[in-house]
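Order of listing sets the numbers, starting from 1, for every ligand and every atom in it.
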Amino acid sequence: MRGRALTTGAAWPATVVMQCSRVLIAGAAYHRALMATFLDDLRAVAPQMRLLTDEADRESFRRDETAHFEPGLPLAVALPTSTEEVATILRTATAHGTPVVPRGAGSGLSGGSAGIEGALTVALTRMDRVLEIDRDNRVAVVQPGVINADLKKAVAAEELFYAPDPASYEFCSIGGNIGTNAGGLCCVKYGVTRDAVLSLEVVLADGRVIRTGGRNVKDVAGYSLTHLFVGSQGTLGIVTEATLRLRPTPPPKQTMLAFFPTLDAAGRAVATMTRSGVEPCTLELMDRVTIAAVDDWHNLGLDRSAAALLLVESDAPGARADDELAVAESACTEAGASSIVRATDAMEADWLRQVRRLAFRAMERLGVARMEDVGAPRSRIPELLAAIERIAAAHDVRCGTFGHAGDGNLHPTFVWDRGDTDTEERAHAAAEELYRAAIALGGTLTGEHGIGAARREFLELQRGADAVDVMRSIKAALDPLGILNPGRVV
Ligand SMILES: Cc1cc2nc3c(=O)[nH]c(=O)nc-3n(C[C@H](O)[C@H](O)[C@H](O)COP(=O)(O)OP(=O)(O)OC[C@H]3O[C@@H](n4cnc5c(N)ncnc54)[C@H](O)[C@@H]3O)c2cc1C
C-alpha cells in the first residue's frame, strides 16, 4: 500500500508530494554538481590522463562477464598510465569521497569490476608493460594490464614459464588475476596465482604507495601483506606492479581424454587418481550437457552418449609422463570409462585441450549462463557432482557442469532464456542450495572467481560472522572511507 502510494502519489497530499520531489530534485542536482567538481579536479591534477565521460564509452565499462548481474553505469572511466597517476586518482577520490572501481580486462565472473552508479572506474589496461625478466632470480616484473598470454609468450622466449593459466588467459590481465587470485587448468600441479606472486606495488585508498614482499625466496619480515592483497578484488588497494615467480619451461605435455557412462564414474576416477599420488598438470571434467554444447558449436565428433569426460595431461620429464598417464588410464578404466583417447602429437593435444577451453562460451550460446564456482575436498568430488545433479533437477533448471576436477573446483552453469524470470529465480534458489551443499561437504562457495558483488550475501554462510567481522576490520583499516570497490566482498 505504502509503496503504491509513493509511486502514484495517490495517498499523499499534493503539497507533500511536491515538497518531496523538490528535495529529491535538489539532492540529485547537488550530487551531479559534486560529481562534476570531482571530475574537474581530477582533470586539473592529471591533465595528461585519458578520462572517458561520454555515455557510450562509459557503457562499455558497465559489465564484466557476470551475465546475470545487473551493474551500474560508471560516472567516468580513467585510463592511467603510471603509478603516479593511480596515486593522484585515489588522493582526489579520497578528498571527494568518490568511490572507485579497479578494473583489468573485465572478464571476471563475480561482478567485481562491474560498474557502480556514480563511481569512477579505473581501468589498468594501458599499464601493460613487462618491465623486466630477471633470469638469475627467475622472476618477471610486470604492470597490471599485461595480458596473461602475453606474459607467458614473453617469458617463454627466455625459456621460462609463468604457470597460472585461467581458461581466459588469452584475454584476462595479470592485475585481474591478482585481484581474484585466479586459478586455471594447471593449478592442480603448479598452484594458483597467489603461489606465483612474490611482491606487489599497491596504491592505497589515500594515495600512499607501498611495496610488499620482494625477490627473496624466503622473507618473513612482518605480516604477509602480499597475500592479503591477492584475491582482495580491488577492495584494499590498486595493484600497479607485480613481481612474479617463473619456472623453467616444463617438458611437452602428454594428453588424453577419457569418456564415462556416468558422472559418478568420472568423479571416482578423479578421486582414485588423486589418491594414487600422480601429479597431472591438467585434470579437467565436462558433463553431458557441456559436451553436447561444445560439439553442437564446433562439430568435433565428441562421444555425445557419454555422461562425462576427463581431460588429463602430464608434463613430467621423459618416460615419467607416459607412466603418469598409464596410472591415470587405469584409474579411468577401473572407474568404468567407456573409451580413452591419447593425443599422438602436439596438434592433436591442442585440439583436445581446446574442447575444454570452449566450455563456457558454448554454454553461453544456449542462453543467459550463470557460471557457479563451487569447490570441495578432492576426495568428495563424486558427492559434489551428485549434489549438483540433484539440485538442478529439484529446481528444474538446465545445468551444464565443467571445471577443474583435479582441484575439486567445478563450474555448474545454469542456463535460461533471456527474459525468463521464473527460471532465473529458480536458478538463484538452486545456486543458494548449491553453496550450502558445497559448504556441508567441507568445500567452498567460490574456488577462484571470488565473492565480488554476486555472492556477497553468502560469505558469512561459509566463513562465519566473526571471520567476516575481522575482514571488515581489515577493510576499515586500509580504506576507512570505504571508497575502494564498495559493496564488493565484504
Ligand atoms: C571464458 C572464461 C573463462 C574463464 N576461466 C577462468 C579460469 O579458468 N580460472 C579463473 O580463475 N577465472 C576464469 N575466468 C574469470 C576471469 O577471467 C578471471 O577472474 C580473471 O582473473 C579476471 O581478470 P580480468 O583482467 O578480466 O579482471 P577484471 O574482471 O577486470 O577484475 C577482476 C577483479 O580484480 C580487481 N582488479 C582488477 N585489476 C586490479 C588491480 N590492478 N588492482 C586491484 N584489483 C584489481 C577488480 O576490481 C575485480 O574485483 C574466466 C572467464 C571467462 C569469461
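The shortest N or O to N or O distance between Gln233 and ligand 1 is under 3.5 Å. By the 3.5 Å distance cut-off applied to N or O atoms, Asp165 is not counted among the residues near ligand 1. Not a single N or O atom of Cys172, backbone or side chain, sits closer than 3.5 Å to an N or O atom of ligand 1. In terms of N/O distances under 3.5 Å, ligand 1 is not approached by Ile238. Ligand 1 has no N or O atom lying under 3.5 Å from any N or O atom of Leu185, backbone or side chain. The shortest N or O to N or O distance between Gly179 and ligand 1 is not under 3.5 Å.
Crowding of Arg50 atom CZ: a count of heavy atoms from other residues, nucleotides or ligands under 6.0 Å not exceeding 12. Applying the 6.0 Å contact sphere to CD of Glu132 captures more than 12 heavy atoms from other residues, nucleotides or ligands. Heavy atoms from other residues, nucleotides or ligands lying under 6.0 Å from CZ of Arg208 number 12 at most.
Here is the list of ligand 1 atoms found below 4.0 Å of a heavy atom in Gly234: 43 (C), 44 (N). Near His404, meaning under 4.0 Å from one of its heavy atoms, ligand 1 places the atoms 8 (O). Annotation for ligand 1: atoms under 4.0 Å from non-hydrogen atoms of Asn485 are 47 (O), 49 (O). Counting atoms of ligand 1 from 1 in the listed order, those under 4.0 Å from a heavy atom of Ala167 are 3 (C), 5 (N), 6 (C), 7 (C), 8 (O). For ligand 1, the atoms closer than 4.0 angstrom to any heavy atom of Pro144 are 41 (N). Using a 4.0 Å cut-off to heavy atoms of Gly104, the atoms of ligand 1 that qualify are 25 (O), 28 (P), 30 (O), 37 (C), 38 (N). Remark: ligand 1 atoms within the under-4.0 Å shell around heavy atoms of Gly237 are 43 (C). Under a 4.0 Å criterion applied to the non-hydrogen atoms of Ala182, ligand 1 contributes the atoms 11 (O), 21 (O).
At the shortest separation from atom 9 (N) of ligand 1 among protein heavy atoms lies Glu448 OE2, 2.9 Å. From the protein, the heavy atom lying nearest to atom 25 (O) of ligand 1 is Ser173 OG, 2.6 Å. Protein heavy atom closest to atom 48 (C) of ligand 1, with residue, atom name and distance, is Gly112 C, 3.5 Å. The nearest heavy-atom contact from the protein to atom 33 (C) of ligand 1 is Thr180 CG2, 3.8 Å. Counting only heavy atoms of the protein, atom 42 (N) of ligand 1 lies nearest to Val239 N, 2.9 Å. Annotation: atom 15 (C) of ligand 1 to nearest protein heavy atom, Ser107 O, 3.5 Å. Nearest non-hydrogen protein atom to atom 27 (O) of ligand 1 is Gly176 CA, 3.2 Å. Distance from atom 39 (C) of ligand 1 to its nearest protein heavy atom, with residue and atom name: Gly175 O, 3.6 Å.
Relative ring orientation between Phe360 and Phe402 is described as tilted, the plane-to-plane angle lying within the 30° to 60° band.
Contact check for Val188 versus His404: no side-chain heavy atoms found under the 4.5 Å cut-off. A heavy-atom distance below 4.5 Å is not found between the side chains of Val490 and Ile451. Using a 4.5 Å heavy-atom threshold, the side chains of Thr81 and Met49 count as separate. The shortest side-chain heavy-atom distance between Val202 and Val209 does not fall under the 4.5 Å cut-off.
Of the N and O atoms on the side chains of Ser314 and Gln254, not one donor lies less than 3.5 Å from an acceptor on the other residue.
Using a 4.0 Å cutoff on heavy atoms, Asp64 does not count as a contact of ligand 1. Within the 4.0 Å heavy-atom shell around ligand 1 one finds Gly106.
Remark: Arg361 engages Glu65 in a salt bridge, criterion side-chain N to carboxylate O under 4.0 Å. Ionic pairing of Glu372 and Arg370 is present here: one or more N-O contacts between side-chain nitrogen and carboxylate oxygen are shorter than 4.0 angstrom.
Among Arg455, His449, Arg456, Gln233, the one residue that satisfies the side-chain hydrogen bond (donor to acceptor under 3.5 Å, both in side chains) test with Ser110 is Gln233.
Counting all heavy atoms, side chain and backbone alike, Phe69 lies closest to Gly111 at CD2-CA, 4.0 Å.
Not less than 6.0 angstrom separates the ring centroid of His68 from the ring centroid of His428.
Under 4.0 Å from ligand 1, heavy atoms of Asn177 appear from its side chain as well as its backbone. The side chain of His449, and not its backbone, has at least one atom closer than 4.0 Å to an atom of ligand 1 (non-hydrogen atoms only; side chain from C-beta on).
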For this session: Determine, stepwise, if the pair Asn485 / Val100 fulfils side-chain contact (heavy atoms from CB on, under 4.5 Å).
Result: CA-CA 6 Å; Asn485 227 354; Val100 166; over 6 Å; no
